[in-house]
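Computation of the quantities below employed the complete heavy-atom set of this structure, encompassing side-chain atoms and omitting hydrogens, waters and symmetry-equivalent molecules. Proteins get letters first, then strands, A, B, ... in listed order; numbering begins at 1 in each.
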There are 2 protein chains.
Amino acid sequence: MSDSTIYEVARLAGVSIATVSRALRGTGPVSAATREKVRRAVEELRFTPSRLGVSLAEGRHAANGIVFPDLSGPYFGEVLLGYEEVAADLGRSVLILSTRDRAGVPETVKDLATRVDGLVVFGRTLPDELLTELADSGLPMVMLAREAHPGTEAVRSENADSAEALAVHLIAHGHRAFALAGGHDEGDVSRRWTAVARTLGHHGIDVPRPVECPYTVEGGYEAGLRILPGRKDVVMCADDQVALGVILAAEELGLRVPEDVAVTGWDDIMAARHSRPALTTVRQPLRELGATAARLLDELIAGAEPTNTTRVLATDLVIRSSCGVHPPAQQEEP
Amino acid sequence: MSDSTIYEVARLAGVSIATVSRALRGTGPVSAATREKVRRAVEELRFTPSRLGVSLAEGRHAANGIVFPDLSGPYFGEVLLGYEEVAADLGRSVLILSTRDRAGVPETVKDLATRVDGLVVFGRTLPDELLTELADSGLPMVMLAREAHPGTEAVRSENADSAEALAVHLIAHGHRAFALAGGHDEGDVSRRWTAVARTLGHHGIDVPRPVECPYTVEGGYEAGLRILPGRKDVVMCADDQVALGVILAAEELGLRVPEDVAVTGWDDIMAARHSRPALTTVRQPLRELGATAARLLDELIAGAEPTNTTRVLATDLVIRSSCGVHPPAQQEEP
DNA sequence: CTCGCGTGTGTAAGCGCTTCCACTGCCCGG
DNA sequence: CCGGGCAGTGGAAGCGCTTACACACGCGAG
């Protein structure tokens, strides 16, 4: 971009750069005649102020960052969508960083931090020391899908109550032999499994140990192959992708869902609605999660003090057919 | 971010800022003792160079932008994933901009352009004049999922041959009454429909006019309700989401897929594999599309001259059950 | 006829960095 | 014993902008 600079505009308009700046931003008084001269010069040179110069002088970037572990699957895309939308409305650009397993993440994140006015960080994407270091440096930060770290805000969706409601529904179906698919040390999921365990306990049902697996269809498939030969009534999965994988495994093993084994997911991704059997799951307000994070971050950037508080967004239990047979009236449109 | 500056590091280390810079970047000679003093000062102050200062001095941003119409649905997320991955490996940050229907897009894009070294633009997201203006200003640009605009590179996936292969397959199934769901003025899709029309023509089959609809499940559902009462054998859809919607509409109308009507998609999103019937579709290498764009852009930024060339990536015809009944051997794992 | 003030404009000081250029020692070959 | 060269370092310009401050001018009030 060999763009023209404010100096060339000033020269062409026959004024000083200060006047050009004032005319363009509407700060300070500028006579109508001058304003017009500047306007013409800007047009002729196709001048757009360099963001670098502006940011350096203003001391702000007008940009936000967001850090997530991976962009695959529908989950992060949806959240990002809500985030970008609000950020754009607030006049801020969005920088994304997907950490995956990549090495050198701390350096990359610190570099990102010098490009933005604030950062949204997903779940356990970054080590706690790094979060502390960033927060201590005064960088506004919002945590997503986890509890607030000291010096930040946070937003996640509800876990325990929904998990309990789902478990209760499954018990009402008559299911007694439960299995859990998907690792459990991560914040959100462990919260759900804890609630499920409590509920099962209340009903005198054996509490299974979660079978760890990656949160992908393949991961669910592998987990399903390990779990299903154990003659379970129902497999509760950490998310919808895992559930889809478990259903695939069930098919492979000649088991019918939900007649032989029920399966539930979490998130309500698009495929959950279209799969057969359609997936019983818990809908998270993904876009709203992103949008809320963007708004919280904006408040912090505007100067609000971090409250170390976690907002909790409500979820919806979505009953479809994968959890057992329902009387028609009870079923949602598939 | 009240970060420390290179001046504070220099003072603490007892050297000049020039030396600090050289020590940190490894340009120019620095004695081991000095290097160590600088290292310690950097550590103590937790110094990370301001990207703003670096970029302004270097005259480059080490960042790429990407502009797409919308982030909803799996399509863009996957492409973005491939793009971000390669960009990150090349040491570049990624700025995203989703235009949606928002007003003031040209201004926003121009602002974005001053934050990056190069831009990837999706399909027909931006008006041609704007593309020309950006290209003329010397901004390296890569077009995605469309033909190259003058002064740019482009990458898309193959359309005509795959569309023909799909049509041939459907004809072999015995289908004769074709319908097309999904608008057709957009580049990629119109290319496919043209190829389908040619193929049908060769076989003496009536060429239907595409029924316009948004590329969403809802759009497909609406289109399906309009199309299906017309007693068609097969509905070819602009993408998988539309196809899923048409299947929903078929169900609503009491039609069985594929026995009463066959349905095909395009893209091979996750839901295509898990829906029942599983969707016959054409797999686009979405991540590879993004990755290729990132690499092309990097070459342009490195100084390569734009060739106005369009790379075409190969697709895969994915035969599943929504297009008709196959002998078991012919079917892909669902 | 002044003084004071508001309007309109220019000058210049940063913002945080990179890098060209100049300078100081010191070592080594002649 | 001397000059050339080089390792090591600092000074300062410059990247493109915003804005505090200074200044000039014209006007109405005293």
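- Note: CG (B:Leu56) to C1' (D:dG14) measures 9 Å, nearest angstrom.
- Taking atom CD1 on B:Ile6 and atom C1' on C:dT19, their separation rounds to 11 Å, with Å as the unit.
- Here A:Ser21 lies in heavy-atom contact (under 4.0 Å) with a base.
- Toward the 5′ end of DNA chain D lies the nearest nucleotide of B:Lys37, the other residue of the pair B:Lys37 and A:Thr5 mapping further downstream.
- When the options A:Ile6, A:Val30, A:Val42 are evaluated for a side chain to side chain contact (heavy atoms under 4.5 Å, CB included) with A:Leu24, the one that passes is A:Val42.
- Checking C:dT11, D:dC17, D:dT9 against every side-chain atom of A:Val54, the shortest atom distance belongs to D:dC17.
- Considering only the side chain of B:Ile17, D:dA12 comes nearest among D:dG16, D:dA12, D:dT9.
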Side chain to side chain donor-acceptor pair (under 3.5 Å) assessment of B:Thr307 paired with B:Glu153: CA-CA 6 Å; B:Thr307 62; B:Glu153 300 290 320; 2.8 Å; yes

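- Between A:Phe47 atom CZ and D:dT18 atom C1' the separation is 12 Å, expressed in whole Å.
- For A:Val15, the side-chain atoms get nearest to C:dG10 when compared with the rest of D:dT19, C:dG10, D:dG10.
- Scanning atom types as modelled, one donor and one acceptor separated by under 3.5 angstrom connect the side chain of A:Arg22 and the base of C:dG10.
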Between A:Leu131 and A:Met143, is the side-chain contact (heavy atoms from CB on, under 4.5 Å) condition met? List the steps. CA-CA 10 Å; A:Leu131 293 179; A:Met143 313 304 303; 3.7 Å; yes

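- For the OP1/OP2 pair of C:dG10 and a distance below 4.0 Å, the side-chain nitrogens and oxygens of A:Thr19 include at least one atom meeting the criterion.
- An OP1 or OP2 oxygen of D:dG8 is reached within less than 4.0 angstrom by no side-chain nitrogen or oxygen of B:Thr34.
- The side chain of B:Ser16 has D:dG11 as its nearest neighbour among D:dC17, C:dG16, D:dG11.
- Rounded to the nearest 0.5 angstrom, B:Arg102 CZ and B:Thr108 OG1 are separated by 6.0 Å.
- Proximity note for B:Ser50 (side chain, C-beta onward) versus C:dG16, C:dC21, D:dT18: the nearest is C:dG16.
- To the nearest angstrom, C1' of C:dT19 lies 15 Å from CZ of B:Arg60.
- With no hydrogens or angles considered, no side-chain donor-acceptor pair links B:Arg46 and A:Ser137 at under 3.5 Å.
- If you find the closest nucleotide of DNA chain C to B:Ala57 and to A:Ala57, the one lying nearer the 5' end belongs to A:Ala57.
- Within the structure, a side-chain polar atom (N or O) of B:Arg25 is placed less than 4.0 Å from OP1 or OP2 of C:dT19.
- As rounded to whole Å, 8 Å separates atom P of D:dT18 from atom CG of A:Leu24.
- Looking at heavy-atom distances under 4.0 Å, B:Pro29 makes contact with a base.
- Taking the six-membered ring for Trp and thresholds of 30 and 60 degrees, A:Phe76 and A:Phe68 have nearly parallel ring planes, at less than 30 degrees apart.
- You'll find a donor-acceptor pair under 3.5 Å spanning the side chain of B:Tyr7 and the base of C:dC17, going by distance alone.
- One can place NE2 of B:His61 at 11 Å from C1' of D:dG16, the figure rounded to the nearest angstrom.
- Following rounding to the nearest Å, B:Leu52 (CG) and C:dG16 (C1') show an atom-to-atom distance of 8 Å.
- Residue A:Ser55 has no polar side-chain atom (N or O) positioned under 4.0 Å from OP1 or OP2 of D:dC17.
- For the pair A:Leu45 CG and D:dG16 P, the computed distance is 14 Å after rounding to whole Å.
- Of the candidates D:dA12, D:dT19, D:dG16, the closest approach to any side-chain atom of B:Ala18 belongs to D:dA12.
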